[in-house]
Amino acid sequence: MKEKFNKLSQKKAFWPVVIFLVILLFNGVVSGGDFFKLSIVDGHLYGRVIDIFRNGSKLMILAAGMTMVLATGGTDISVGSVMAISGAIACSIVNGNILPGLNGNVVVAIILAILAGITCGFWNGILVAKIKIQPIVATMILLVAGRGIAQLVTQGKIITITSDAYYFINGGYILGLPFPLFIVIFLAGVLILFVGRTSFGLFLESVGCNPKASKFAGIQVDKMLLVIYTISGGFAAVAGLIESAGIKGADCNNAGLNIELDAILAVAIGGTNLMGGRFSIPASLAGALIVQSITTTVLAQGVPAAYIRVLKAVLIIVICLSQSKEFKEMLTSHKAAKKRKAVGE
Amino acid sequence: MKRKILSVLLCVSMMAALTVGCGNGNKTDDSAASGNADTQDQADAPAADGAEDAPAEDSTAGDAAEGTAGDAAGGSSSGEKLVVGFAQIGQESGWRDGETMSIQTYAEEHSDTIELLYADGQQKQENQIKAIKNFIEQGVDVIGVAPVVETGWDQVFAEAQDAGIPIILLDRTADVDESLYATFIGSDMVEEGKNAADEMAKLLNSSGKIVELEGTVGASAAVGRKQGFDEQLAAAYPDIEILESQTGDFTRSLGKEVMESFLKTYDNIDGLFAHNDDMALGAIEAIKEAGLKPGEDIKIVSCDGVKGIFEAMVAGEANCTVECNPLLGPQLFEAAQKLKDGEEVEKWIKSNESVYTADQAEAELPNRVY
């Protein structure tokens with residue numbers, strides 16, 4: 001039994017999942033069980049836990065893509081702006097503002113929006129892999145310009161749409177579960193299989209640890225970077241679709257604002273080294289759920305608006321400390337010293 | 001090799017897209033001061049005009065002085081155009097675009113009597129200050145400004161005062177001595193909050209439990225609207241109880257998320273007051289999600305009066321919006337004309353605002369431009 005536990009706790013996703021469950025449990029106890037209350041409304045499940053998964057879906061998708069980027073030792077801070085672009089394009093097409101010939105075809109709108117995201121990711125990839133600009137600078141270009149592009153698409157207005165088919169991306173349900181959850185399972189599943197079952201994952205870690213050595217070992221580092229940034233861009237576009245579908249509109253100024261930081265935080269909480277190297281996508285997904293559940297906790301507990309940021313910061317510090325090996329060692333050695341002292345007396 | 005060429009091509013095209021993007025952005029800013037150089041150019045051109053006009057202007061100034069002495073109505077200035085320099089913040093939101101448009105179209109429609117010099121500050125105070133200095137050099141009659149920040153205006157306003165040019169503050173206040181500006185044209189956020197409370201009381205027959213979605217913490221619109229709303233409820237409608245009040249940062253997505261949380265904490269919400277329409281629009285989706293009917297089960301009152309909320313009201317999903325009018329053009333030029341004629345204006349000209357309920361929405365919807 002203990003052996004089993006040890007084996008399980010060796011997994012990278014173990015501690016993030018435990019922390020997530022602890023946060024849920026804390027909420028459950030404080031609310032007297034109300035937090036876990038699930039009811040069925042209009043044939044679908046309805047409750048706070050469902051909210052966490054649905055609202056956290058964007059972040060989970062971003063975190064999955066971001067994990068790979070960070071594993072190479074790079075970073076992609078343009079994802080929030082890419083979300084704004086994809087939302088703007090999709091909503092403008094559905095609304096008939098651009099390409100009116102399509103009559104607001106939702107499927108085409110989604111495809112074009114994702115293609116736009118992939119193009120953005122490819123652009124980042126070229127800058128990083130071919131032109132060798134530092135990743136944070138390379139992706140900063142889109143971070144800044146992306147919202148401008150999105151505003152050009154929407155002509156600076158918030159576009160409101162009424163398409164129920166488009167709304168399904170965020171608000172739809174399959175088997176009583178929110179549709180975004182299935183998107184996450186599909187995208188993350190494909191990615192995990194791809195990384196786990198092919199040599200890609202191994203190469204990725206190798207590139208993150210030492211790109212030069214990897215190159216000499218015959219890994220096509222540039223190509224890998226290009227693929228990874230493109231995936232990150234594509235995933236960001238999907239997250240943008242979920243975001244804009246949820247509010248039935250494209251809000252270029254606020255869609256995905258600062259979410260790149262949340263995504264990086266989620267990956268960090270998941271235990272992936274931001275300098276590159278070993279990574280775990282499931283752990284990042286759990287990290288994303290933790291970040292989302294913090295927001296949900298704060299709202300559920302009715303914390304006064306002015307304290308929200310401070311409280312979030314405190315929670316994140318606690319989580320990071322609980323993840324830190326050095327801190328744990330410090331604690332245990334302190335305890336051991338105390339024990340020794342007590343015994344000595 | 002082929003691939004290399006392809007990637008280079010792609011880079012070039014994306015670069016081009018970027019620069020074109022930026023270029024267009026500036027263009028929509030109208031005669032935008034996209035950089036310092038531009039501002040200078042722009043200033044130079046009209047300044048040359050100004051030199052020619054200067055003697056004429058001087059003489060009319062003399063006339064005007066005589067005129068006002070003899071004729072208080074100030075009819076004598078009708079022969080001369082009213083020259084107004086307006087330093088806008090820049091492109092910021094649909095609301096601000098509405099304001100810019102209102103000022104520009106009003107000036108165009110009255111181009112025989114009004115000349116507008118428009119400068120775009122691109123969200124930077126230094127650009128706005130430069131623009132004001134240029135206006136002073138050009139000797140405009142009145143300067144209008146929407147200050148991007150509250151502080152740091154004393155010196156440039158004092159320069160304008162020394163030059164005898166009155167300053168009109170538009171929709172945002174500046175932290176300067178009252179003597180430095182002629183008037184402030186803008187909304188009374190507290191009044192909007194009060195109006196919203198009155199409308200909420202009408203919808204709920206003066207009793208019920210409501211939740212409040214606040215704007216960004218510390219924003220003047222959020223502070224004022226909350227103050228007005230809470231005070232009016234406490235004073236006039238003691239039976240309406242605010243269950244909880246939480247910030248939604250003026251955005252749709254957070255408005256939705258916070259409302260989702262409210263709906264799970266309380267199952268007896270009768271009404272929602274949102275500090276802006278966008279949060280209300282987000283909350284509407286959350287309410288539908290919970291299997292309730294927005295506008296019926298939960299009455300919704302919000303502020304601003306954007307197009308989206310009118311569409312929601314027509315669909316019966318929202319009940320009332322308290323307008324925060326960005327169309328300040330007419331009031332700006334009216335006040336400017338008065339100042340030019342030497343008439344007294346109030347220190348705070350409250351913008352013309354109204355309250356729209358669902359039954360007026362359909363008639364009003366076509367008039368919504370922002």
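Just so we're clear, the structure is a prediction, and the values are computed from it rather than from any experiment. By convention in this document, chain letters (A, B, ...) are assigned in the order of the sequence lines, proteins followed by strands, and residues within each chain are numbered from 1. For the numbers below, each heavy atom of this structure counts, side chains included, while hydrogens, waters and symmetry mates do not.
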Distance col, row B:Glu285:CD vs A:Ile247:CD1, nearest 0.5 angstrom, shows 9.5 Å

Pick one of side chain, backbone, both or neither for A:Thr295, based on which atoms fall under 4.5 Å of a heavy atom in chain B.
side chain

Under a 4.5 Å cutoff for heavy-atom pairs, which residue among B:Gly255, B:Ala290, B:Ala315 has the most contacts with chain A?
B:Ala290

CD/B:Glu289 to CD1/A:Ile50 distance, rounded to the nearest 0.5 angstrom?
10.5 Å

More than 12 heavy atoms from other groups under 6.0 Å of OH on A:Tyr307:
no

Separation between NZ (B:Lys256) and CD (A:Glu243), nearest 0.5 Å, reads 9.5 Å

Judged by modelled atom types alone, do B:Arg252 and A:Ser244 share a side-chain donor-acceptor pair under 3.5 Å?
no

Salt-bridge test for A:Arg54 and B:Glu260: reply yes if a basic N is under 4.0 Å from a carboxylate O, no otherwise.
yes

With only heavy atoms counted, which part of A:Leu257 is less than 4.5 Å from chain B, the side chain, the backbone, both or neither?
neither

What do the steps show when you test B:Asp278 against A:Ile158 for side-chain contact (heavy atoms from CB on, under 4.5 Å), and what is the final call?
CA-CA 9 Å; B:Asp278 281 312; A:Ile158 294 181; 3.5 Å; yes

Residue part contacting chain A, namely of B:Val217, when any heavy atom lies under 4.5 Å:
side chain

Taking B:Gln246 for its side chain and A:Val303 for its backbone only, find out whether a donor-acceptor pair lies under 3.5 Å.
yes

Over 12 non-hydrogen atoms of neighbours within 6.0 angstrom of NZ in B:Lys124
no

Measuring from atom CG of A:Asn170 to atom OG of B:Ser253, what distance do you get when rounded to the nearest 0.5 angstrom?
10.5 Å

Contact listing (chain A partner; residues 262-274 of chain B; heavy atom under 4.5 Å):
B:Leu263, B:Lys264, B:Thr265

Which atoms of A:Asn55 are under 4.5 Å from chain B, going by heavy atoms: the side chain, the backbone, both sets, or neither?
side chain

Could you check whether atom NZ of B:Lys226 has more than 12 heavy atoms from other residues, nucleotides or ligands sitting under 6.0 Å from it?
yes

Identify which part of A:Phe35 has an atom lying under 4.5 Å from any heavy atom of chain B, answering side chain, backbone, both or neither.
neither

Would you find more than 12 non-hydrogen atoms of other residues, nucleotides or ligands less than 6.0 Å from B:Glu231 atom CD?
yes

Of all the heavy-atom pairs spanning B:Ser261 and A:Arg48, show the shortest one and how long it is.
OG-NH1, 2.9 Å

If you measure from CD1 on B:Ile284 to NZ on A:Lys248, what distance do you get to the nearest 0.5 Å?
9.5 Å

Please look at A:Gln301 and chain B and tell me whether the side chain, the backbone, both or neither of the residue comes under 4.5 angstrom of a heavy atom of that chain.
neither

Determine the option with the most heavy-atom pairs under 4.5 angstrom with chain B, choosing from A:Ile159, A:Asp51, A:Asp42.
A:Asp51

